[in-house]
Asker: 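Have a look at this one before I ask anything.
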Amino acid sequence: MISPRGFVLIGTVLTSCGMSTAIVHAQGATGKVLPELRKTEKKRAPASSLLPSGKLQRRQAEHGKPQLAEREELEVHGSATPAFSGGALGRKRPLDTPFSIRTVTSAEIQERQVKSLSRLLSQDASVVTNGDTYSFNAYSVTVRGVPLDDYNGYKINGSPFYMTTVELPLESFENVQLLKGASGYMYGFNAPGGIINYQTKKPTEQRSFEVDAGYSSAAIASEHIDTGGRLFNKVFGYRLNLTHEKGETYNGSHVERYSGSLGVDARITENLLWTADAIYQNRKIRGLVQDFFIDPTTYPSNSLPDAISGHKDLNSYPGSMFTSHVLFLTTGLKWDISRSWKFHVDYSHSQDWRSYQSEWMSLKGREGNYDSYLSTDPRSWSDYNQAQGILEGCFHTGFVKHDVTLGATWQGLEKYLPTRTEYVNIGSQNMYAPIISRPWSIDNESPVYRNYRSDQVGLFLSDTVTFTPQWSLLAGVRYTNFRQNSYSAEDVRTATYKVNPVTPTVALLYHPVRNMTVYASYVQALENGGTVGNTYKNARQTLPPIRSDQVEVGAKISRRTWDLTGALYRITRGAQYANTDNYYVSNGMQVYQGFELNGHVDLPFGFVVTDSLGIEASNYKKTDPSIQGHTAEAIPTFQNMFTLTNNIQAVPGLSASAEVHYTGRMWGDAMNVYHIPGYTLLNLRASYRTHIGKHRITFRAELDNVANAHYWGVLASDYFYVGAPRSVYLNARFDL
């Protein structure tokens with residue numbers, strides 16, 4: 001168990017299956033093993049655990065291990081837990097999985113002062129963020145060229161959350177995991193690009209209380225409290241996080257956010273643990289604009305206008321606003337049946353409400369003229385529930401070891417939409433000229449109706465068969481009973497879709513040497529078709545589910561001073577696009593092929609280099625003749641994220657980093673009419689850790705987009721947004 005005071009556990013847990021040995025180590029920045037653990041030692045701590053703290057943080061961030069801040073005091077209670085846990089895969093080290101995994105820990109979130117999903121995964125070259133944090137599309141990301149599924153692509157503690165329009169409070173999470181490729185097998189219906197799983201902060205063994213305050217461009221102040229501990233002879237544990245954020249954003253909008261989360265548990269018996277988590281957030285933005293869009297059939301150029309500064313306030317409608325409320329509740333029981341078998345059952349409930357009045361801007365040409373469309377949503381919400389039970393264990397058949405996971409799950413999702421909305425042209429503007437105010441009278445009141453209902457029951461089984469220490473085979477299967485209904489405003493069922501897919505997964509793993517894995521895997525999945533946007537003729541239509549197949553071959557290696565992961569993949573997926581009649585349809589297929597390479601190396605004098613590289617190509621097949629054979633839109637052919645960090649040895653506690661992000665150009669539409677230019681961003685970061693008495697204090701500063709580059713970001717086919725300008729982030733954290 002890991003507390004926010006920064007201790008680290010490294011090792012594996014001994015099981016009665018006899019394939020692992022229990023070596024648990026704890027160490028601080030000095031690399032000293034704590035006295036209370038010396039009696040459990042079987043050998044020295046691995047050399048990687050004795051790295052200077054900055055290097056240790058980097059290595060642990062890359063492999064999903066807990067991070068340790070320099071000079072932080074250590075306390076150890078409990079035993080080490082695997083770095084990755086999810087769905088039908090069970091609990092495994094990232095090195096033991098045949099998939100690409102990236103974990104961003106709370107320590108890294110604090111170090112980089114991340115408050116948005118767009119910045120959270122910006123250091124992974126397989127990810128493209130699809131929106132700015134102060135807009136309607138803050139939540140959206142694309143992984144391996146495929147947009148994440150709003151219905152199933154985002155999880156909290158493995159439970160589904162309908163993510164549309166939501167920016168979750170990152171202060172409440174211990175880590176955020178990105179799992180690429182295996183999502184359909186792991187969690188049922190899902191897009192093949194991957195899933196993002198938010199893991200909430202858990203109760204700490206010792207009482208802790210931390211407070212931090214931050215400032216970011218142009219004038220946003222934030223305050224955050226994180227406290228935890230145990231009560232009643234350590235039977236009851238708690239973890240409370242409270243956050244407030246308010247001020248003016250860099251593009252003239254105003255944000256105000258309140259969020260709180262509470263995680264509790266109770267040790268009912270030595271082997272039975274009850275857990276519960278609750279998250280609530282109220283977030284309001286005034287003065288926002290949405291995205292630019294074009295009609296490629298009438299757009300008169302093959303390129304976009306020159307990008308403008310992200311500082312420009314494009315809002316013309318005085319009443320622009322976006323309000324969202326998030327509620328997530330979950331509870332469960334974890335039962336350690338024996339040293340080899342564990343069972344856990346949980347139930348989750350989530351709701352998100354939203355209301356907005358905002359502008360979408362229809363671009364007319366390279367000179368920067370556009371029409372501003374006012375779009376409204378008086379109120380809409382979703383209601384999501386899940387119940388799940390999973391049994392995990394291991395046994396032997398002769399010399400063969402089996403690690404088995406089997407379970408059952410039920411999910412139910414309902415969406416409610418307003419019966420009346422506005423979508424009207426309120427006047428022309430030019431992005432290079434002063435924005436003209438466009439007052440407009442609208443009725444932002446409307447009753448709501450149930451637009452959508454889906455239910456899915458899933459049964460899954462997986463077995464990792466270990467033949468020798470070098471060879472193992474993962475085989476899994478999931479059966480899903482899926483039913484989807486769409487309704488009119490009169491509560492008349494307009495469409496029904498039923499399917500009972502059996503989706504298999506198989507992977508072969510080879511460990512040629514210690515801490516190295518070579519693998520090949522195949523995954524099949526189905527995903528929700530989604531709901532058509534308001535700018536198309538078939539707006540609000542719910543599309544049928546999409547099938548996908550993925551083949552991946554990769555390798556992972558971890559050494560004392562360096563590590564490297566690489567993967568080649570091919571995804572075949574049903575295509576969705578806007579046809580020449582401006583209907584958004586599902587037809588034909590898309591093929592995605594790519595290569596990823598991620599690594600890090602520790603250099604002399606406290607330097608650490610990390611790099612993430614992605615190369616991808618995709619095209620349409622068996623589709624509408626207007627796009628047959630075209631390159632898929634919104635996918636950069638090449639991305640690279642390079643970071644150089646130095647733990648400055650002359651000043652203990654001081655570290656500095658420089659990041660260079662390069663994103664290549666991409667097609668902006670399925671018809672391949674216009675390009676979105678590539679861009680390069682430079683970010684600088686520094687932190688300093690010290691003590692005042694017994695209290696630890698950390699000061700952080702970051703400057704993003706140092707050169708104030710003007711660039712276009714991409715949301716989806718025919719939709720794009722103004723990139724974030726030069727931005728400053730400051731933060732001070734106090735451990736009381």
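Positions are given from 1, in the same order as the sequence printed here.
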Asker: Looking only at heavy atoms, which two atoms of Ser303 and Tyr674 are closest? And how far apart?
Answerer: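 So the two residues come closest at N-CB, 3.8 Å.
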Asker: Given Thr409 and Arg478, is the side-chain contact (heavy atoms from CB on, under 4.5 Å) satisfied, shown in steps?
Answerer: CA-CA 11 Å; Thr409 182; Arg478 176 184 285 267; 3.9 Å; yes
Asker: What residue pairs, at least two apart or across chains, pass ring-ring contact (aromatic ring centres under 6.0 Å, His included) with a residue in residues 502-527?
Answerer: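 Every ring-ring contact (aromatic ring centres under 6.0 Å, His included) pair that includes a residue of residues 502-527, provided the two are not neighbours, is Trp471-Tyr510.
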Asker: side-chain hydrogen bond (donor to acceptor under 3.5 Å, both in side chains) between Gln386 and Gln411: does it pass, once the steps are laid out?
Answerer: CA-CA 4 Å; Gln386 174 181 274; Gln411 295 177 12; 3.0 Å; yes
Asker: Under the rule for side-chain contact (heavy atoms from CB on, under 4.5 Å), what residues qualify as partners of Asn646, not counting sequence neighbours?
Answerer: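 Counting only residues at least two positions away or on another chain, Asn646 forms a side-chain contact (heavy atoms from CB on, under 4.5 Å) with Phe607, Ile648.
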Asker: Are Lys180 and Glu596 within salt-bridge range, i.e. N to O under 4.0 Å?
Answerer: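 Salt bridge between Lys180 and Glu596, a charged N being under 4.0 Å from a carboxylate O: yes.
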Asker: Between Leu597 and Thr565, is there a side-chain heavy-atom distance shorter than 4.5 Å?
Answerer: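 No. Closest side-chain heavy atoms not under 4.5 Å.
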Asker: ring-ring contact (aromatic ring centres under 6.0 Å, His included) between Tyr719 and Phe293: does it pass, once the steps are laid out?
Answerer: CA-CA 4 Å; Tyr719 287 81; Phe293 68 95; 5.6 Å; yes
Asker: So do Leu461 and Thr405 actually touch side chain to side chain, heavy atoms under 4.5 Å?
Answerer: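 They are not in contact (no side-chain heavy atoms under 4.5 Å apart), so the answer is no.
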Asker: Could you walk me through whether Glu174 and Lys202 satisfy the salt bridge (charged side-chain N to carboxylate O under 4.0 Å, His left out) test, starting with their C-alpha distance in whole Å, then the side-chain angles of each, then the deciding distance to 0.1 Å, before giving a yes or no?
Answerer: CA-CA 8 Å; Glu174 191 63 49; Lys202 301 303 181 184; over 6 Å; no
Asker: Given His402 and Asp463, is the side-chain contact (heavy atoms from CB on, under 4.5 Å) satisfied, shown in steps?
Answerer: CA-CA 6 Å; His402 299 265; Asp463 186 4; 2.8 Å; yes
Asker: Mark yes or no for whether Ser558, through its side chain, and Asp563, through its backbone, hold a donor-acceptor pair below 3.5 Å.
Answerer: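 Absent.
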Asker: First locate atom CG of Asp624, then atom CE of Met671, and finally report the distance between them rounded to the nearest 0.5 Å.
Answerer: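 Asp624 CG to Met671 CE: 7.0 Å, rounded to 0.5 Å.
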Asker: Quick one, Val477 with Thr503, criterion side-chain contact (heavy atoms from CB on, under 4.5 Å). Give me CA distance, side-chain angles, the key distance, then yes/no.
Answerer: CA-CA 6 Å; Val477 64; Thr503 51; over 6 Å; no
Asker: Looking at residues at least two apart in the chain, or sitting in another chain, which of them share a side-chain contact (heavy atoms from CB on, under 4.5 Å) with Thr142?
Answerer: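 Result, side-chain contact (heavy atoms from CB on, under 4.5 Å) vs Thr142: Val128, Asn130, Pro147.
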Asker: For the CE atom of Met666 and the CD atom of Gln639, what is their distance to the nearest 0.5 Å?
Answerer: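 Met666 atom CE to Gln639 atom CD measures 7.0 Å (nearest 0.5 Å).
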Asker: Among Thr129, Asn683, Asp704, exactly one meets side-chain hydrogen bond (donor to acceptor under 3.5 Å, both in side chains) together with Arg119. Which residue is that?
Answerer: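 Exactly one option meets the side-chain hydrogen bond (donor to acceptor under 3.5 Å, both in side chains) with Arg119, and it is Asp704.
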Asker: Identify which one of Leu473, Asp96, Asp403 satisfies the side chain to side chain contact (heavy atoms under 4.5 Å, CB included) criterion when paired with Thr464.
Answerer: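 The residue from Leu473, Asp96, Asp403 that satisfies side chain to side chain contact (heavy atoms under 4.5 Å, CB included) with Thr464 turns out to be Asp403.
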Asker: State, without any angle test, whether Ser116 and Glu167 hold a side-chain donor-acceptor pair at a distance under 3.5 Å.
Answerer: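 Not at all, the side chains of Ser116 and Glu167 share no donor-acceptor pair under 3.5 Å.
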Asker: How long is the straight-line distance from CD1 of Ile196 back to NZ of Lys155, given to the nearest 0.5 Å?
Answerer: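 Taking NZ in Lys155 and CD1 in Ile196, the distance rounds to 12.0 Å.
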Asker: For Leu170, is there any backbone N or O sitting under 3.5 Å from a side-chain donor or acceptor partner on Ser172?
Answerer: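 Side chain of Ser172 to backbone of Leu170: no pair is present.
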Asker: Using the rule given for side-chain contact (heavy atoms from CB on, under 4.5 Å), can you reason through Trp562 versus Asp602, listing the C-alpha separation, both sets of side-chain angles and the distance that settles it, and then say yes or no?
Answerer: CA-CA 6 Å; Trp562 63 275; Asp602 300 332; over 6 Å; no
Asker: How far apart are the closest heavy atoms of Asp669 and Pro296, and which atoms are they?
Answerer: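 Smallest heavy-atom distance, with atoms named: OD2-CB, 3.3 Å.
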Asker: Is there side-chain contact between Phe99 and Leu474, with heavy atoms separated by less than 4.5 Å?
Answerer: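 Yes, at least one pair of side-chain atoms sits under 4.5 Å.
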Asker: Is there a donor-acceptor pair closer than 3.5 Å between any side-chain N or O of Tyr711 and the backbone N or O of Ala724?
Answerer: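 A pair under 3.5 Å: yes.
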Asker: I'd like to know if Arg570 pairs up with Glu552 as an ion pair, taking the criterion as any Lys NZ or Arg NE/NH1/NH2 lying under 4.0 Å from an Asp or Glu carboxylate oxygen.
Answerer: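 Looking at Glu552 together with Arg570, the answer is no, because their closest N to O distance does not fall below 4.0 Å.
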Asker: Look only at the side chain of Asn302 and the backbone of His675, and say whether a donor-acceptor pair between them is shorter than 3.5 Å.
Answerer: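 No, the answer is negative, given that no donor and acceptor are paired below the 3.5 Å cut-off.
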Asker: Under 3.5 Å, is there a donor-acceptor pair linking the side chains of Lys556 and Thr97?
Answerer: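 Yes, because at least one side-chain N or O of Lys556 sits under 3.5 Å from a partner of the opposite role on Thr97.
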Asker: Identify the heavy atoms of Arg514 and Arg559 that sit nearest to each other, and give their distance.
Answerer: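 It is O-NH1, 3.0 Å.
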Asker: Please answer whether the main-chain N or O of Asp549 pairs with a side-chain N or O of Thr572 as donor and acceptor at a distance below 3.5 Å.
Answerer: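 Here the side-chain-to-backbone pair does not exist.
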Asker: Using a distance-only test with no angle check, is there a side-chain donor-acceptor pair under 3.5 angstrom linking Lys621 and Thr623?
Answerer: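 Side-chain D/A pair, Lys621 to Thr623: absent.
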Asker: If I compare all heavy atoms of Phe467 with all of Ser472, which pair ends up nearest, and what's the gap?
Answerer: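 Result for this residue pair: CD1-CA, 4.3 Å.
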Asker: Measure from the side-chain N and O atoms of Arg573 to the backbone N and O of Ile546, and report whether any donor-acceptor pair falls under 3.5 Å.
Answerer: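 A pair under 3.5 Å: no.
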Asker: So that I can tick it off, tell me whether Arg685 and Glu659 are bridged by a salt bridge, with the cut-off set at under 4.0 angstrom between side-chain N and carboxylate O.
Answerer: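 Looking at Glu659 and Arg685, the cut-off is met.
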Asker: Taking it one step at a time, do Thr480 and Gln456 satisfy side-chain hydrogen bond (donor to acceptor under 3.5 Å, both in side chains)?
Answerer: CA-CA 6 Å; Thr480 302; Gln456 58 176 300; 4.8 Å; no
Asker: Treating Gln550 as the side-chain partner and Gln524 as the backbone partner, does any N or O pair qualify as donor plus acceptor under 3.5 Å?
Answerer: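 Pair absent, no side-chain N/O of Gln550 close to backbone of Gln524.
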Asker: Is there a donor-acceptor contact under 3.5 Å linking the side chains of Ser126 and Asp124?
Answerer: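 Side chains of Ser126 and Asp124: pair found under 3.5 Å.
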Asker: Ignoring hydrogens and geometry, is there a side-chain-to-backbone donor-acceptor pair from Lys201 to Asn175 under 3.5 Å?
Answerer: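 Not a single qualifying donor-acceptor pair exists.
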Asker: For the residue pair Ala709 and Asn705, what are the closest heavy atoms and their distance?
Answerer: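 Of all heavy-atom pairs spanning Ala709 and Asn705, the closest is N-OD1, 2.8 Å.
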Asker: Is Glu616 paired with Arg144 through a side-chain N to carboxylate O contact shorter than 4.0 Å?
Answerer: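 Between Glu616 and Arg144 there is no salt bridge, as every charged N stays at least 4.0 Å from the carboxylate O atoms.
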Asker: Kindly determine whether Ser657 and Thr645 satisfy side-chain hydrogen bond (donor to acceptor under 3.5 Å, both in side chains), including the steps that lead there.
Answerer: CA-CA 4 Å; Ser657 298; Thr645 300; 2.9 Å; yes
Asker: Could you tell me the separation between the OH atom of Tyr154 and the CG atom of Leu168, rounded to the nearest 0.5 Å?
Answerer: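 CG of Leu168 is found 10.0 Å from OH of Tyr154.
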Asker: Specify the closest pair of heavy atoms between His630 and Ala670, including all atoms of both residues, with the distance to one decimal.
Answerer: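 Minimum heavy-atom contact is ND1-O, 3.1 Å.
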Asker: Would you mind telling me which of Phe720, Tyr679, Tyr721 makes a ring-ring contact (aromatic ring centres under 6.0 Å, His included) with Trp712?
Answerer: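 Going through Phe720, Tyr679, Tyr721 one by one, the ring-ring contact (aromatic ring centres under 6.0 Å, His included) with Trp712 is satisfied by Phe720 alone.
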